[in-house]
Amino acid sequence: MASNYAFKYKVDIVFCIDATMSMYNILDKVKAGVINFHADLLAAMEKKNKRVDSLRVRLVVFRDYVADGNDAMQVTNFFELPAQSAEFAACVRSIVPKGGGDDPEDALEALAYAIRSPWIENDSAGSKRRQIVALWTDAPPHPLGFGARERNYPAGMPKTLEELSGWWGTKQAPGFMEENAKRLLLYAPECDGWNKVSNNWSNSVYFPSIAGEGLKEFEYEQIIDVIAGSV
């Protein structure tokens, strides 16, 4: 049986995290596990006969531009793990569940930030790259631009879901991520907005959850296993 250990994986992961009040349960689970995130991920990959040569993780914490003002979107640089594990853990611990306003949140803007991340560049060493976006929310998304009249709404956002889908790209029309490297892991309630994303975006896996329940049906270990399986 062939072994994947012949390949070196360079992995970038962007966690898009809904940090509104209803996400209290999942945020606690993530904070509890994040100190060992690097070790947990590598252990899960060992079971799948895979090895990571380098791992970087970025956070996009989102709420609602209309309801939450300057707290609507918090975006970090990439953390290199394990070298910056302490900084990464401290950043995650600082996330406080609050706000949100109405039921939908500005998750599509969070995806836009994630897609335009400064992904690791290809090199000549033959490493296989993975560019993973994992989004966790228990709410449907606002239409793009719902909060565009707010002073803190960022410039350069796509105007429609169709434009955002173009940023994700297809084999025929490449976007901002490498087609063979990109993965979307979507933990979100079943609704029209998320169905459109999962049905039309390549290399995406959708895990429908119960709206308003804080994704409590998903355990940290399950999420780690899914991320490991996507590499």
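Heavy-atom basis, side chains included; hydrogens, waters and symmetry copies ignored.
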Return the [atom1] to [atom2] distance between [X] and [Y], rounded to the nearest 0.5 Å.
X	Y	atom1	atom2	result
Gln74	Asp68	CD	CG	9.5 Å
Ser54	Lys10	OG	NZ	4.0 Å
Ile95	Arg93	CD1	CZ	11.5 Å
Arg56	Trp119	CZ	CH2	8.5 Å
Asn77	Ser117	CG	OG	10.0 Å
Thr160	Leu144	OG1	CG	7.0 Å

Heavy-atom side-chain contact between [X] and [Y] under 4.5 Å:
X	Y	result
Val57	Phe15	yes
Pro154	Tyr113	yes
Met73	Val60	yes
Leu55	Phe78	no
Val133	Met177	yes
Asp64	Thr20	no
Lys196	Leu161	yes
Trp201	Asn203	no

State, to 0.1 Å, how close [X] and [Y] come at their nearest heavy-atom pair, and which atoms those are.
X	Y	result
Pro140	Pro189	N-CG, 4.1 Å
Phe146	Asp102	CZ-OD2, 4.1 Å
Ala107	Leu135	O-CD1, 3.9 Å
Glu179	Ser202	OE2-OG, 3.1 Å
Arg63	Val96	NH2-O, 2.6 Å
Asp103	Ala139	O-CB, 3.1 Å

Could you check whether any side-chain N or O of [X] sits under 3.5 Å from a backbone N or O of [Y], counting only pairs where one atom can act as donor and the other as acceptor?
X	Y	value
Trp168	Ala112	no
Lys182	Gly169	yes
Gln131	Glu178	yes
Thr76	Leu59	yes
His142	Pro104	yes
Gln84	Glu80	yes
Asp106	Tyr65	yes
Asp138	Ala188	no

I'd like to know if [Y] and [X] are part of one continuous hydrophobic network [Ile/Leu/Val/Met/Phe/Trp/Tyr, side-chain heavy atoms within less than 4.5 Å].
X	Y	value
Leu81	Ile120	no
Val66	Phe62	no
Ile17	Met21	no

Answer yes when Asp71 and Lys98 have at least one side-chain N-carboxylate O distance shorter than 4.0 Å, and no when they do not.
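A salt bridge is present here (some side-chain N lies under 4.0 Å from a carboxylate O).
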Are Val11 and Ile132 close enough, and set up right, to give a side-chain contact (heavy atoms from CB on, under 4.5 Å), and what steps lead you there?
CA-CA 8 Å; Val11 181; Ile132 300 170; 4.1 Å; yes
Is it the case that Arg116 places NZ or CZ above or below the six-membered ring of Trp167, under 6.0 angstrom from the centre and within 45 degrees of the axis?
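Ring-cation test returns yes.
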Full working for salt bridge (Lys or Arg N to Asp or Glu O under 4.0 Å) between Arg129 and Asp53
CA-CA 10 Å; Arg129 293 190 297 166; Asp53 186 45; over 6 Å; no
Would Val14 and Cys16 count as a side-chain contact (heavy atoms from CB on, under 4.5 Å) here? Give the steps.
CA-CA 6 Å; Val14 182; Cys16 297; 4.3 Å; yes
Going by atom types alone, do Glu105 and Thr137 pair a side-chain donor with an acceptor below 3.5 Å?
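Looking only at side-chain atoms, Thr137 and Glu105 do not form any donor-acceptor pair under 3.5 Å.
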Any chance the side chains of Glu190 and Tyr206 put a donor and an acceptor closer than 3.5 Å?
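Looking only at side-chain atoms, Tyr206 and Glu190 do not form any donor-acceptor pair under 3.5 Å.
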Passes side chain to side chain donor-acceptor pair (under 3.5 Å), Ser165 versus Asn200? Steps please.
CA-CA 8 Å; Ser165 298; Asn200 295 291; over 6 Å; no
Please report the C-alpha distance between Trp194 and Leu108 in whole Å, then the side-chain angles of each, then the deciding distance to 0.1 Å, and finally whether the side-chain contact (heavy atoms from CB on, under 4.5 Å) criterion is met.
CA-CA 10 Å; Trp194 292 128; Leu108 296 180; 4.0 Å; yes
Determine, step by step, whether Arg58 and Asp12 satisfy the salt bridge (Lys or Arg N to Asp or Glu O under 4.0 Å) criterion, reporting the C-alpha distance in whole Å, the side-chain angles of both residues, the deciding distance to 0.1 Å, and the verdict.
CA-CA 8 Å; Arg58 186 186 196 201; Asp12 284 346; over 6 Å; no
More than 12 foreign heavy atoms under 6.0 Å from CG of Asn199: is that the case here?
yes
